[in-house]
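Worth knowing before you read on, the calculation uses all heavy atoms, side chains too, and leaves out hydrogens, waters and symmetry mates. This chain uses plain numbering: 1 for the first residue, then up along the sequence.
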Amino acid sequence: MKRTKIKDLLKTTPTGQTVKVQGWVRTFRNSQFIAINDGSTILNLQAVAELNSLEEATIKRITTGACLSVVGELIPSPAKGQAVEVKVKELEILGDSDAEKFPLQPKKHSLEFLREIAHLRARTNTISAVMRVRHAMAFAVHKFYNDKGFYYIHTPVITGSDAEGAGDMFRVTTLDINNPPRDEQGKIDHKQDFFGRETNLTVSGQLEGETYALALGEIYTFGPTFRAENSNTSRHLAEFWMIEPEMAFYDINDNMQLAQDFLQYLAKYALENCKEDLEFLDKRAADEEAAKPQDQRNELGLIDRLKFVVENDFQRLSYTEAIDILKNSNPNKKKKFQYLVEEWGVDLQSEHERYLVEKHFKKPVILYNYPKNIKAFYMRQNEDGKTVAAMDVLFPGIGEIIGGSQREERYDNLVQRVKELGLPEKELWWYLDLRKFGSAPHSGFGLGFERLIQFVTGMTNIRDVIPFPRFPGNAEF
Ligand code: 4AD
Ligand code: MG
């Protein structure tokens with residue numbers, strides 16, 4: 001007999017049919033009532049055994065975490081909060097779970113503890129809900145771009161380029177680290193390395209993405225990216241997923257509009273397709289909020305924050321305007337910011353971004369036209385000689401969720417910037433070629449997928465929205 005997923009059973013009208021359910025025991029009460037979860041939904045299915053129908057030996061084995069297969073009649077449930085339940089006819093234990101040793105008990109565990117058992121934490125309501133939402137968001141990303149006629153391009157994971165010029169890269173090598181071959185100057189000889197050159201894990205698919213945008217028009221990448229920055233924060237991972245659309249013939253304004261449309265689409269998709277999981281996460285977030293001091297609480301709950309994003313235009317504002325607001329802000333005047341905003345040209349810290357979004361505008365903000373000295377080499381230089389056509393989308397509770405720009409399409413301007421910054425012009429030959437052969441205005445951005453999932457699920461730590469987080473000092477599992 002084929003199993004039916006609990007998600008489908010809960011929507012089925014009972015007509016005396018026999019069904020098969022397979023899943024993991026969440027709770028077992030009274031030697032009779034088994035709450036089973038199979039991961040298809042946050043909701044459990046109750047299997048009910050007739051009193052004294054189960055053998056003592058079997059009862060002992062129905063423990064939290066054990067895996068069961070149950071065949072029985074689907075009947076209307078007399079209990080509150082569920083439409084149907086299953087009256088047990090046959091019960092088989094597929095996998096025992098020693099109650100003494102199973103680390104997940106039917107009680108609340110801290111997220112910190114769950115991270116230490118990341119191989120089992122998907123069996124909790126919170127992590128399973130987050131991962132179902134994560135799936136839905138990944139699917140929605142593809143749907144959004146496919147419906148718009150963008151092409152999904154797989155950019156390489158191993159690259160020789162450093163797209164962000166940040167230098168925080170993981171090396172990829174097959175050389176013997178204990179005894180690497182050396183050249184005449186005594187330097188490690190990468191000519192003898194696997195690729196005959198130095199390579200690293202990609203920090204961004206953008207540069208390769210640009211080559212395809214200037215051929216196919218509108219493309220996007222969606223893949224893992226790697227940064228060896230030593231950031232132990234609740235918003236940084238060493239391995240994270242990024243969505244990077246890149247569009248020929250888009251200027252910075254078109255780029256900002258696409259970023260807004262994209263984020264609104266995703267929030268709306270979640271509201272429409274992840275209802276039960278979001279309701280659970282909304283309640284969970286509310287409990288967490290209640291434990292915070294009044295002045296640090298969110299004004300809106302999770303679902304209301306999603307609705308707010310869908311329904312309101314994002315505030316667009318230049319870096320220069322933002323600096324004026326920040327300079328004159330209360331926390332700046334009262335020296336409450338850790339980094340005081342004194343002059344034009346400083347990089348914004350997350351306390352500044354959050355002030356703009358959460359206190360000043362009380363809505364998502366798109367900042368544009370940043371000083372060129374704090375942004376990457378490829379961004380388009382503005383007429384003023386000081387700024388570039390960069391844009392960052394800032395979200396409540398998250399800070400920067402998207403970073404992007406119009407790209408410098410003028411060969412001379414780009415080469416001059418490469419030289420000024422002392423970047424390896426030779427290695428960028430193919431990127432510069434794009435500006436030699438049929439260059440075009442073009443733009444793009446990167447959305448940090450885990451930061452999006454944080455926003456949509458209300459999880460405060462990025463380590464809880466990816467199955468196996470990678471961060472400094474941790475690569476377990
Ligand atoms: O602002 P970033 O560094 O921009 C780029 O990489 C560009 N090449 C994107 C482009 O224009 N195609 O990163 C983009 C986004 C950030 O806004 C943030 O959401 C996320 O990626 N991000 C991280 N997420 C998790 N952990 C990290 N260490 C992250 N670094 C960036
Ligand atoms: Mg950025």
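Under a cutoff of 6.0 Å and an axis angle of 45°, R435 and Y431 form a cation-pi pair. W429 does not carry K436 over the face of its six-membered ring by the limits of under 6.0 Å from the centre and within 45° of the normal.
Between D147 and K143 there is a salt bridge, with a side-chain nitrogen of the basic residue lying less than 4.0 Å from a carboxylate oxygen of the acidic one. Ion pairing of K275 with D282 is absent here, as no side-chain N (NZ or NE/NH1/NH2) approaches a carboxylate O to less than 4.0 Å. For E218 and K148, the salt-bridge test fails: no basic side-chain N is under 4.0 Å from an acidic carboxylate O. Using a 4.0 Å cut-off between a side-chain N of Lys or Arg and a carboxylate O of Asp or Glu, R417 and E408 do not qualify as a salt bridge.
Side-chain rings of H142 and Y220 approach one another, their centers coming within less than 6.0 Å. Centroid-to-centroid, the aromatic rings of Y339 and H352 stay 6.0 Å apart or farther. A ring-centre distance under 6.0 Å is not found for Y319 and Y368. Residues F240 and F471 keep their aromatic ring centres 6.0 Å or farther apart.
The shortest non-hydrogen separation linking I243 to P245 is O-CD, 3.6 Å.
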Under 3.5 Å, sequence neighbours excluded: what are the donor-acceptor pairs made by side chains of residues 455-462?
from, atom 1, to, atom 2, distance (Å)
T457, OG1, I453, O, 2.7
T457, OG1, M459, N, 3.4
N461, OD1, R463, N, 2.9

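Remark: E311 pairs with K307 by the side chain to side chain contact (heavy atoms under 4.5 Å, CB included) rule, at least two apart or across chains.
D38 contributes a side-chain N or O that, together with a main-chain N or O of I6, makes up a donor-acceptor pair within less than 3.5 Å.
Annotation: the span from T159 atom OG1 to L207 atom CG amounts to 8.5 Å, rounded to 0.5 Å.
Using a 4.5 Å heavy-atom threshold, the side chains of R134 and I466 count as touching. Using a 4.5 Å heavy-atom threshold, the side chains of F150 and F144 count as separate.
Screening residues 110-138 for ring-ring contact (aromatic ring centres under 6.0 Å, His included), with sequence neighbours left out, gives H109-F113, H119-F477.
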